[in-house]
Amino acid sequence: MLLTFLSTVLITGASRGIGRATAKAFADSGWDLLLLARSEEALARLVEEIDNKKVKVFYKSIDLSNPKNISKGIVELMNNGLIPSVLINNAGVAWTGDLLSMPLEKWEWIMQMNLTSIFQVCSEVVPLMRNKGGLVINVSSHASRNIFPQWGAYCVSKAALASFTKSLAEEERKNLIRACTLTLGSVNSSLWDSDSVGMQFDRDSMLSVDQVACELLHLASQPTNQIIEDVTLMPSAGAF
Ligand code: NAP
């Protein structure tokens with residue numbers, strides 16, 4: 001099978017929120033798409049909605065919270081002749097509550113989703129991107145640099161993700177792989193509707209998912225001899 005490298009993006013967490021808006025923005029710009037999330041139905045709906053019928057789109061339901069699923073799922077997703085030139089590790093979860101009364105399984109879930117699954121996805125995908133100027137964009141949060149009470153595990157997971165990204169960038173530089181973070185303030189997405197985030201916030205003052213998609217497209221479109229190591233994108237209204 002003929003392998004295509006240029007202008008293919010793999011986006012995790014593409015069924016809703018930032019990932020969904022990003023898939024649409026990349027398709028509008030002519031990128032081929034490899035998409036994953038748990039909800040196959042939502043991914044199928046998204047593919048129907050993509051206006052640019054010239055782009056190739058493949059998707060797969062993969063549960064990133066189960067470490068045993070990931071390697072096989074990613075290999076199957078990429079078994080279509082498309083190799084990503086850009087990998088966007090976007091899928092992530094949040095949980096609010098006191099740090100020390102947090103159930104161990106919730107702690108492990110956050111770490112698996114926001115850190116370990118990204119290590120696992122990179123382990124499968126990055127070796128195929130080597131020596132062609134590939135780019136890994138990890139979607140992080142300003143919680144990686146600031147501490148918010150009730151968000152302890154989330155802060156820890158995103159701080160570790162930022163460190164993971166720098167380690168990846170240094171190790172893979174010799175293989176012409178670039179890695180960066182998009183560090184976000186609050187974004188009006190379905191994350192704020194999840195059962196595990198038990199707080200009220202002013203959704204209207206948050207960034208829109210389309211603004212974030214636009215920034216991801218900008219990062220992905222850099223020439224291969226350049227790397228913006230981090231962009232911090234905040235709503236002008238402030239933290240929340
Ligand atoms: P969202 O609206 O809740 O979307 C999360 C995405 O991740 C969905 O597509 C979801 O799809 C997928 N996902 C969740 N659990 C999954 C699992 N077990 N396996 C595979 N996919 C899973 O969240 P979002 O706001 O777009 O967040 C995207 C990223 O931005 C996250 O990394 C988040 O930490 C970061 N971020 C968000 C904000 C914000 O204010 N929203 C701020 C800073 C950073 P399925 O349910 O179909 O699996």
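The residues of the chain are indexed from 1 along the displayed sequence. Numbering of ligands and ligand atoms starts at 1, following listing order.
Every salt bridge (charged side-chain N to carboxylate O under 4.0 Å, His left out) that Arg20 has, sequence neighbours left out, goes to Glu49.
For ligand 1, the polar-atom distance check finds an N/O of Val187 within less than 3.5 Å of one of the ligand's N/O atoms. Between Ile18 and ligand 1, a contact under 3.5 Å exists for at least one N or O pair. Distances between N or O atoms of Ser140 and those of ligand 1 include no value under 3.5 Å.
Considering each of Ser194, Pro235, Ser186, Ser189, the one bringing a non-hydrogen atom nearest atom 24 (P) of ligand 1 is Ser189. Which of Ala143, Gly185, Ala23 comes nearest to atom 42 (C) of ligand 1 through a heavy atom is settled by distance: it is Gly185.
Between the side chain of Lys158 and the backbone N or O of Val139, at least one donor-acceptor pair lies under 3.5 Å.
Of the residues listed (Ile118, Thr12, Leu64), the one engaging Met113 in a side-chain contact (heavy atoms from CB on, under 4.5 Å) is Leu64, and it is the only one.
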Could you list the donor-acceptor pairs under 3.5 angstrom formed by side chains in residues 35-44, with sequence neighbours left out?
residue, atom, partner, partner atom, Å
Ser39, OG, Ala42, N, 3.0
Glu41, OE2, Arg45, NH1, 3.4

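Here the protein heavy atom with the shortest distance to atom 34 (O) of ligand 1 is Tyr154 OH, 2.7 Å. Ranking the protein heavy atoms by distance from atom 35 (C) of ligand 1 puts Val139 CG1, 3.8 Å first. Among protein heavy atoms, atom 29 (C) of ligand 1 sits closest to Asn90 O, 2.9 Å.
Under the 4.5 Å side-chain criterion, counting only non-hydrogen atoms from C-beta, Pro127 is in contact with Arg130.
Around the CD atom of Glu171, the shell of radius 6.0 Å holds no more than 12 heavy atoms that belong to other residues, nucleotides or ligands.
Here the shortest heavy-atom pairing between Glu124 and Met78 reads O-CE, 4.2 Å.
Residue Ile62 touches ligand 1 through its backbone alone, judged by heavy-atom distances below 4.0 Å. Contacts between Lys158 and ligand 1, counted as non-hydrogen atom pairs separated by less than 4.0 Å, involve the side chain only. Using a 4.0 Å cut-off between heavy atoms, Met113 contacts ligand 1 through its side chain alone, with no backbone atom that close.
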